[in-house]
Amino acid sequence: MTRSPGGLRAIRTRSELAGTLDELRAGGRSVGFVPTMGFLHDGHLSLVARARQGTDVVALSIFVNPLQFGPGEDLDRYPRDLDHDLALAAGAGVDVVFAPSREEMFPDGPPEVRVVPGALGARLCGAFRPGHFEGVLTIVARLFGLVRPDMAVFGRKDFQQAVLIRRMVDDLALGVEIHVAPLLREADGLAMSSRNAFLSAEERAAAPTLFRALDGAERAFRAGEHNGARLGARVMDVLTATPGFRPEYAELVHPGSLEAVREARAGDVLAAATFLGETRLIDNVVLGAATPDPRVGDRESR
Ligand code: AMP
């Protein structure tokens, strides 16, 4: 893969993005894309590494998308640090960072026409965040239109999001190859997330309970517990009993259809969301299998 000469280009406008990508695409070079909301961490950078494996040019977007936040959610206090993000992106070999303002992203105001996720978007997190996935899919579709990537990488951390993006690309024939990269964790098991910056020292110490609960249920599966409802209930019980946690759901689902699984099998996904204080945490584990990530969002697999 040839890297673009001149290092990272930080871009604020759609027109500059189009011009730069046209230039970088010259000679048939392929473009990989990593959409983010910024405040980058190693989880994001692992997506960049994945994109670099498959494409010549890597573009990363930083945009805190107002469409995917509900009233009373953390849009206004979402963490931001563009300078630090640019340094991390440069170090990871990103060629183009697109960090538009809200006005640049939506010059005519919020989009009138949106991508509706259907029943898949009403499950799991969608049941607790109405409109969230419509906002996610609409912005990702718009970003795909602006960047026109050959491939894009998403993290299994946001498992339901990855499933929905796969479906959107299939259903609307958007022609972007989607990769779902593994979930990166801190040393104590906590899933890396920009929102972890919200946690107080006490909450940060308690936060790995979420992963430990999921991991405990996964080990119970391997020890012979195959009842999907009971595996979910184990996680809920741990979270409910732990001070500071207010769980929303813990559910075993099929990795492609997101349907609740009654009889657990390797490859099914145990997903959970909880508040810890004022911070919403999500996490998931895949039952049994060693490297099941490629199956996320794949309807045919089973
Ligand atoms: P965000 O900035 O939180 O919207 O995330 C941007 C992308 O990074 C999404 O595809 C996420 O799934 C992915 N991502 C976030 N955290 C992690 C993580 N801990 N491991 C892997 N990917 C992640």
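Order of listing sets the numbers, starting from 1, for every ligand and every atom in it.
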Check ion pair [X]-[Y] (N to O, under 4.0 angstrom):
| X | Y | result |
| --- | --- | --- |
| Arg234 | Glu225 | no |
| Asp170 | Arg166 | no |
| Arg148 | Asp22 | yes |
| Arg222 | Glu218 | yes |
| Glu248 | Arg280 | yes |

So is His44 polar-close to ligand 1, meaning N/O to N/O under 3.5 Å? yes
So is Met37 polar-close to ligand 1, meaning N/O to N/O under 3.5 Å? yes
Quiz item: cation-pi between Arg77 and Phe198, 6.0 Å / 45°: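 Judged by the rule (NZ or CZ under 6.0 Å from the ring centre, within 45° of its axis), Arg77 counts as positioned above Phe198.
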Using a strict cut-off of 4.0 Å, indicate which atoms of ligand 1 neighbour a heavy atom of [X].
| X | result |
| --- | --- |
| Thr36 | 2 (O), 6 (C) |
| Met192 | 16 (N), 17 (C), 18 (C), 19 (N) |
| His41 | 15 (C), 16 (N), 17 (C) |
| Phe154 | 10 (O) |
| Pro35 | 6 (C), 7 (C) |

Just to be sure I'm reading this right: ignoring hydrogens, which of [options] gets closest to [atom]? Compare them by their nearest heavy atoms.
| atom | options | value |
| --- | --- | --- |
| atom 21 (C) of ligand 1 | Ala181, Ser194, Pro182 | Pro182 |
| atom 13 (C) of ligand 1 | Val64, Asp42, Leu47, Leu60 | Leu47 |
| atom 11 (C) of ligand 1 | Ile282, Val153, Asn65, Asp158 | Asp158 |
| atom 23 (C) of ligand 1 | Glu186, Arg50, Lys157 | Lys157 |

Specify the protein heavy atom at minimum distance from atom 20 (N) of ligand 1: its residue, its atom name, and the distance to 0.1 Å.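 Result for atom 20 (N) of ligand 1: Leu184 N, 2.9 Å.
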I need the nearest protein heavy-atom contact for atom 10 (O) of ligand 1: residue, atom name and distance, please.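 Going atom by atom, the protein heavy atom closest to atom 10 (O) of ligand 1 ends up being Gly155 N, 2.9 Å.
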Determine whether the aromatic ring centres of residues Phe154 and His179 are separated by less than 6.0 angstrom. no
Ala266 to Phe221 - nearest heavy-atom pair and separation: N-CZ, 3.5 Å
Compute whether any side-chain donor of one residue and acceptor of the other, for Arg204 and Asn196, lie under 3.5 angstrom apart. no
